[in-house]
Amino acid sequence: MCGIVGYIGDKQAAPLLLDGLKKLEYRGYDSAGLAIVGDDESITVAKERGRLSALYEITNGGEAIQGRVGIGHTRWATHGEPNQINAHPHVSMSGRVALVHNGIIENYAELKAFLIGKGYTFTSETDSEVAVQLIDYYYDGDPMEAVRLAEAQFVGSYAMAIVFADREDEFIALRKDSPLILGLGEGENFIASDVPALLKHTRRIIRLGERELAVVRREGVAIYNSFGERVEHEPINITWDVESAEKNGYDHFMLKEIMEQPDAIRRTVAPRIKNGRIELGLNKIDADVIRSLERVYIVACGSAYHVGMVARYAIERYAKIPVSCDLASEFRYNDPMVNANTLVIIISQSGETLDTLFALREAKIRGAHTLSIVNVVGSSIACESEDVLYTWAGPEIAVATTKAYNTQLALMQLIAVYFGRVRGHVTAREEAELIAGMEALPDVINKILADETEIHHLSADCYMQRDIFFLGRNIDYALALEGSLKLKEISYIHSEAYAGGELKHGTISLIVPGTSVIAICTYDPLWEKMVSNIREVKARGASVIAIAKGEHRRGTTGADHEIILPDCADIACPCASVVPMQLFAYYTALMKGCDIDKPRNLAKSVTVE
Ligand code: F6R
């Protein structure tokens, strides 16, 4: 949801910033821009609507702009249409200050009226231009002072970087609710919304804390809290290899990330199995807390919410605790019934999704225990939760999640069994069997990935469809939701997911001869019922692809095509079943010529409400 970068050092800033923006383009791609401070006390701005390639062109790869301090932005539009004028950076009327912003200044209309009263005029429709003008209004030679005075009037969320025409020796970065990272170099320093933009230059990073402000200079970075006091943070050393944030020969990050799932799941599961038992290493949510739980809420957005939908069944089954699964954007406004005997489990790949972060804060205010399942180490959600368990999926770049979804799912299954054991519902023998099922999972997924040609062919049959329906019951319904989301978000084919038994209550009227239906039938207790649902839609002329588990099911689904998964344990099955649906979405979008890693209107990390 918008990516920002900043640089100060002895190199030319523009090419370096463009390179950083390339790594952040997954966060938004409506427009891109740069603001560079020259040694003649001027700010040069270049910005263009559309993809970063347009900015590359107008700046000749950055070479057209000289200067050793600058900021850059790739935009996911919120206020104002995605055109050149609304693109960042925004410059104050005087030309003294330029700013890039990720987030929303909610009270921008009120601030704008105030500034108009002071004689300021505006060119864009954005909230961010209001922010830069307000900083300009307060600027009297002290950048930090001006930013702090303006910030005191902002209502909303922001990660910002600000340059000043007469300050070639520093720039300012600050954040509230949106992520911002400082990259520490030798005689040069960087800021970025996410780590991949920094990896080429440094592995020493600091995640700026909530409401902190950094004065970034060549020789170092000074960080201040919201009271203006100096604070010190120990830098974190990033250990990923650069390749993990590159495509490595794959055409798309999405396919690479699908293929990485066996390893990602192994990395997530293996360290949590010790001497044949699940050990999660929780600090605050100890056995007494787990035994005291009367209710669990799982709260998340999008695919992470779909993980919660599957995990609900596992927690109720193994740990015998009632579970509600809520969309984060609804949870905080629902007056949730949360108390000290409630655990709120927050699931988020980025750890920065604003709706999810706000839901976490609401849960804490209401006195619940909080546990987050997060991929990005040190992210806001990870830091603010009582306990955190990381999914070790590695950097996920494609906008549509695959490996993060699957590692979240694997980890949630472990949590369900662990809670079950602590609460006395899972015996040591049962635990050992369940662990064996999870340990075998990477090989099961490897087999599915090795045999993907059939899925590729099925996509070729379906890519011209207008609508595709996904059906499933129980856990398979939760998986259908994810299969449907994956398909629609990257291929733009209209798709809906239905519980098999629910179809006849209205939606079956949409099934006409030729409609494509994908029926997930891996949940054995409801096998016959799903087969009946396949018959129902086939009777109305649908063309059905069934996803079933085990060779013994081949030829028994009644569907037109079957994808037969290798046999695997029930506990591992959801993580395996989702893989053919990810591949189906990928190949369908590929056939349609869609921009798979950057689907329209979407962004990877949604840091606005
Ligand atoms: C869909 C997708 C999104 C995210 C959602 C939550 O493929 O990736 O639906 O799952 O935006 O993001 P995180 O997990 O970062 O909180």
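Both ligands and their constituent atoms are indexed starting at 1 by order of listing. Atoms considered below: every heavy atom in the structure, side chains included; atoms not considered: hydrogens, waters and symmetry mates.
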Side chain to side chain donor-acceptor pair (under 3.5 Å) between Ser495 and Ser484: does it pass, once the steps are laid out?
CA-CA 6 Å; Ser495 172; Ser484 170; 2.8 Å; yes
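Note on ring orientation: taking the six-membered ring where Trp is involved, the planes of Tyr390 and Trp392 are tilted (angle from 30° to 60°). Note: His88 and His101 have tilted aromatic rings, judged against thresholds of 30 and 60 degrees for the angle between ring planes.
For the pair Gln349 and ligand 1, the shortest N or O to N or O distance falls below 3.5 Å. An N or O contact shorter than 3.5 Å links Ser350 to ligand 1 by distance.
Atoms of ligand 1 lying under 4.0 Å from at least one heavy atom of Gly302, given by number and element, are 9 (O). Interface atoms of ligand 1 facing Ala304, defined by a heavy-atom separation under 4.0 Å, are 10 (O), 14 (O). Annotation for ligand 1: atoms under 4.0 Å from non-hydrogen atoms of Val399 are 8 (O). Counting the atoms of ligand 1 from 1 in the order shown, those under 4.0 Å from a heavy atom of Glu489 are 1 (C), 7 (O).
For the residue pair His494/Gln465, the side-chain donor-acceptor check at 3.5 Å is not satisfied. Between the side chains of Tyr250 and Glu257, no donor-acceptor pair of N or O atoms lies under 3.5 Å.
The closest heavy-atom contact to atom 9 (O) of ligand 1, among the options Pro599, Ala300, Ser303, comes from Ser303.
Considering only non-hydrogen protein atoms, atom 6 (C) of ligand 1 sits nearest to Cys301 O, 3.4 Å. Counting only heavy atoms of the protein, atom 11 (O) of ligand 1 lies nearest to Val606 CG2, 4.1 Å. From the protein, the heavy atom lying nearest to atom 12 (O) of ligand 1 is Thr353 OG1, 3.4 Å.
Of all the heavy atoms in Leu590 and His252, the pair that sits closest is CD1-CE1, 3.6 Å.
In Lys486, the part holding a heavy atom less than 4.0 Å from any atom of ligand 1 is the side chain.
Within the structure, ligand 1 lacks His306 among the residues with a heavy atom less than 4.0 angstrom away.
Between Asp263 and Arg266, at least one side-chain nitrogen of the basic residue sits less than 4.0 Å from a carboxylate oxygen of the acidic one, meeting the salt-bridge criterion.
Relative to the ring axis of Tyr523, Arg473 does not place its NZ or CZ within 45° and under 6.0 Å from the centre.
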